[in-house]
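Below is one structure, written out as structure tokens; comments come after it.
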There are 2 protein chains.
Amino acid sequence: MNERNLKVRISYCGTAYHGFQRQNNAITVQEVLEDRLSRLTDEQVKINGCSRTDAGVHAREYFFSFRTCSRIPCNNIIRGMNSLLPGDIAVSGCEEVTPDFHARYSCIGKEYRYHILNSPTRDPFLEKRVFHYPYKADADIMNSAAAQIVGTHDFSSFCGSLGVKEDPVRTVTVCNVSRRGDIITVIVRGDGFLYNMVRIIVGTLIYVNEGKIAHDSVKGIIESKDRSLAGVTAEACGLYLERVFYKE
Amino acid sequence: MNERNLKVRISYCGTAYHGFQRQNNAITVQEVLEDRLSRLTDEQVKINGCSRTDAGVHAREYFFSFRTCSRIPCNNIIRGMNSLLPGDIAVSGCEEVTPDFHARYSCIGKEYRYHILNSPTRDPFLEKRVFHYPYKADADIMNSAAAQIVGTHDFSSFCGSLGVKEDPVRTVTVCNVSRRGDIITVIVRGDGFLYNMVRIIVGTLIYVNEGKIAHDSVKGIIESKDRSLAGVTAEACGLYLERVFYKE
């Protein structure tokens, strides 16, 4: 019987998980998905996710792919998985794709959003879903700094120490900051991201807001390739993988 | 030293709590608040909440009052409480009020909202914060039924069995149903509510949607004073105490 290659679209609230990728001694989204898929298909399923995400990071859209000999129709995989999965993970799509498709290697771009609650009081309904920043914040200044991120650069200054072996050149096509009420949102879109890159970009924009980094010096920080000149790594809980792009 | 009477405004996500009111053997919002206030004021604090809420019910606005000999300024109570409280409860206001004020007995009205996620797939970010209803729903039909709730009535048909000793006459000034995208919201405002009244109203509106109750028969159900003619008690997780009204 022919193996099928399936592409599955999910979303998850990352609060309870130690990131996407399977680990020893810590519960991850991948482990939960593989466990439920194995039960559903009666096979030992191994999935390929489109991205690692850190502990506590969320995904509004995420894709994984896997090979299976099971003949279960795609719609029944969606329904079956949603009845087996915990409430903080949901399957919203499943389709058969060509054998060469791989959720990670076929991906041509991603969009992340980082949400900052900028209010004196925290919001009990946004606990662990936004970064609460109770101080004065100027989204326009942050946005003028964010604009310097756009382009094809060596982003070594914005790479966490666990990612330094990667090729550090990435193309960022969108990087902007806007405010809607008490929520400041940073949108970053690009062809790929280094380890912790979005969180370090956000930490740098917060330093710009606080005057610790001059708003026109971000270009120089990129050119320096010196991680110590950028800001802190912002908390994981405000970060969402928002969209994942594939060639079609 | 004179005792002060303080009115405190909070909000809370009710998922982790067994309702507002203190109970033996179950964690409640009242217990957590009294514990933190007692630590902050170095007194044995007893608070009066504006309402009981069921296990899992949320509050976007909630008031309690308490008497204290402590001289801590109101702003410091807000700040101090927010640093002591868990992230799912937040204090947003505190003011000194006249000695006769009582958060429950001085209350002249309340507004509840009930949120229904009406989509085929659940939303991981709304788990335990909305009632997920994946079937076809007609907000207009539900709204035409809801309109019959408005008025001063004996609401015995909409009272849970634990509340049958109360005076069953209440005045409902607003009862409507509207849709925004996948979210159907039921808004109910009145001078007071019987035990489980809003949840039974919502369960009845869902029965109307499903054709189990005719959309024009709600008035008759009220007149019958027969709980068995109304719908089921809708799940707690969709219910929010939204606003609390006092004479000013």
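So that the names make sense, note that chain A is the first sequence line, chain B the second, and so on, each numbered from 1.
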Only pairs under 3.5 Å, no angle test: what donor-acceptor pairs are there between chain A and chain B?
residue: A:Asn82; atom: O; partner: B:Arg122; partner atom: NH1; Å: 2.8
residue: A:Asn82; atom: O; partner: B:Arg122; partner atom: NH2; Å: 3.2
residue: A:Leu85; atom: O; partner: B:Arg122; partner atom: NH2; Å: 3.4
residue: A:Pro86; atom: O; partner: B:Arg122; partner atom: NH2; Å: 3.2
residue: A:Ile89; atom: O; partner: B:Arg122; partner atom: NE; Å: 3.4
residue: A:Ile89; atom: O; partner: B:Arg122; partner atom: NH2; Å: 2.8
residue: A:Arg122; atom: NE; partner: B:Ile89; partner atom: O; Å: 3.4
residue: A:Arg122; atom: NH1; partner: B:Asn82; partner atom: O; Å: 2.8
residue: A:Arg122; atom: NH2; partner: B:Asn82; partner atom: O; Å: 3.2
residue: A:Arg122; atom: NH2; partner: B:Leu85; partner atom: O; Å: 3.3
residue: A:Arg122; atom: NH2; partner: B:Pro86; partner atom: O; Å: 3.2
residue: A:Arg122; atom: NH2; partner: B:Ile89; partner atom: O; Å: 2.9
residue: A:Phe125; atom: O; partner: B:Arg129; partner atom: NH1; Å: 2.5
residue: A:Arg129; atom: NH1; partner: B:Phe125; partner atom: O; Å: 2.5

Heavy-atom pair of closest approach, residues A:Cys74 and A:Cys94
CB-O, 3.4 Å

What are the two closest heavy atoms between B:Cys50 and B:Val244, and how far apart are they?
SG-CG2, 4.0 Å

When rounded to the nearest 0.5 angstrom, what is the spacing between CD1 in B:Ile200 and CG in B:Leu194?
8.5 Å

With a 4.5 angstrom heavy-atom cut-off, could you sort out which part of A:Ala16 is near chain B: side chain, backbone, both or neither?
neither

Under 4.5 Å to a heavy atom of chain A? For B:Pro120 that would be neither

Roughly how far, to the nearest 0.5 Å, is the CD1 atom of B:Ile72 from the CD1 atom of B:Ile78?
12.5 Å

Just verifying a value: how many Å separate A:Phe125 CZ and B:Leu126 CG, rounded to the nearest 0.5 Å?
11.5 Å

Bottom line for B:Leu85: the part with an atom under 4.5 Å from chain A's heavy atoms is both

Supply the atom-to-atom distance A:Leu205 CG to A:Ile149 CD1, rounded to the nearest 0.5 angstrom.
6.5 Å

Any chance you could measure B:Phe20, atom CZ, to B:Leu241, atom CG, to the nearest 0.5 Å?
10.5 Å

With respect to chain A, which residue among B:Ile10, B:Ile89, B:Val91 yields the maximal number of heavy-atom pairs within a distance under 4.5 Å?
B:Ile89

Atom CD1 of B:Ile183 and atom CD1 of B:Ile116: how far apart are they, to the nearest 0.5 Å?
9.5 Å

